[in-house]
Amino acid sequence: MWAGTWRVGGVLAVSRAFGDRLLKQYVVADPEIQEEKVDSSLEFLILASDGLWDVVTNEEAVEMIQPILDPEQAAKRLMQEAYQRGSADNITCVVVRFLGNQDGGSV
């Protein structure tokens, strides 16, 4: 159910409900796995908690950090934006930049 953010039984966010015995009947912990080939077309990867994704779309996140070469600065930019937009959840971001797309770099 929606209670300002998606909640299982109106109680816990989905990621927190995985280990909760009382909510086990509503949550399936089978992961969705997707394999991607890492090649020169991949610029970066954003790993973030719902504190970011609740207030920033995928497209906005990419647009915000694409020009920022330093992954730490890119992650800070995303966290600051989520905070400024009033995220009501924990905000955690990791940006992994693939060197094959930087001038003179290698994968």
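All values below were derived from every heavy atom in this structure, side-chain atoms included, with hydrogens, water molecules and symmetry-related copies excluded.
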Name each donor-acceptor pair under 3.5 Å that joins a side chain in residues 67-76 to protein atoms two or more places apart or in another chain, with its distance.
| from | atom 1 | to | atom 2 | distance (Å) |
| --- | --- | --- | --- | --- |
| D70 | OD2 | Q73 | N | 3.4 |

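What you find for A61 and V56 is that their closest heavy atoms are N-CG1, 3.7 Å. Counting all heavy atoms, side chain and backbone alike, V95 lies closest to L78 at CG2-CD1, 4.1 Å.
Summarising the geometry, atom CD belonging to E63 is positioned 12.5 Å from atom CG belonging to N58; distances are rounded to the nearest 0.5 Å. Here the CG-CG distance, from N90 to L52, works out to 12.5 Å after rounding to the nearest 0.5 Å.
Tracing side-chain contacts under 4.5 Å through hydrophobic residues (I, L, V, M, F, W, Y), one reaches F98 starting from L47; they form part of the same cluster. Hydrophobic clustering, with ILVMFWY side chains joined whenever heavy atoms are under 4.5 angstrom apart, groups V94 together with L42. Linking ILVMFWY residues whenever their side-chain heavy atoms come closer than 4.5 Å, directly or via other members, places W53 and I65 in the same cluster. A continuous path of Ile, Leu, Val, Met, Phe, Trp and Tyr side chains, each step under 4.5 Å between heavy atoms, connects F44 with M64, placing both in one hydrophobic cluster.
Residues satisfying the side-chain contact (heavy atoms from CB on, under 4.5 Å) criterion with S87, sequence neighbours excluded, are V55, A82, D89, I91.
Sequence neighbours left out, the pairs with a member in residues 77-86 that pass salt bridge (charged side-chain N to carboxylate O under 4.0 Å, His left out) are E60-R85, R77-E81, E81-R85.
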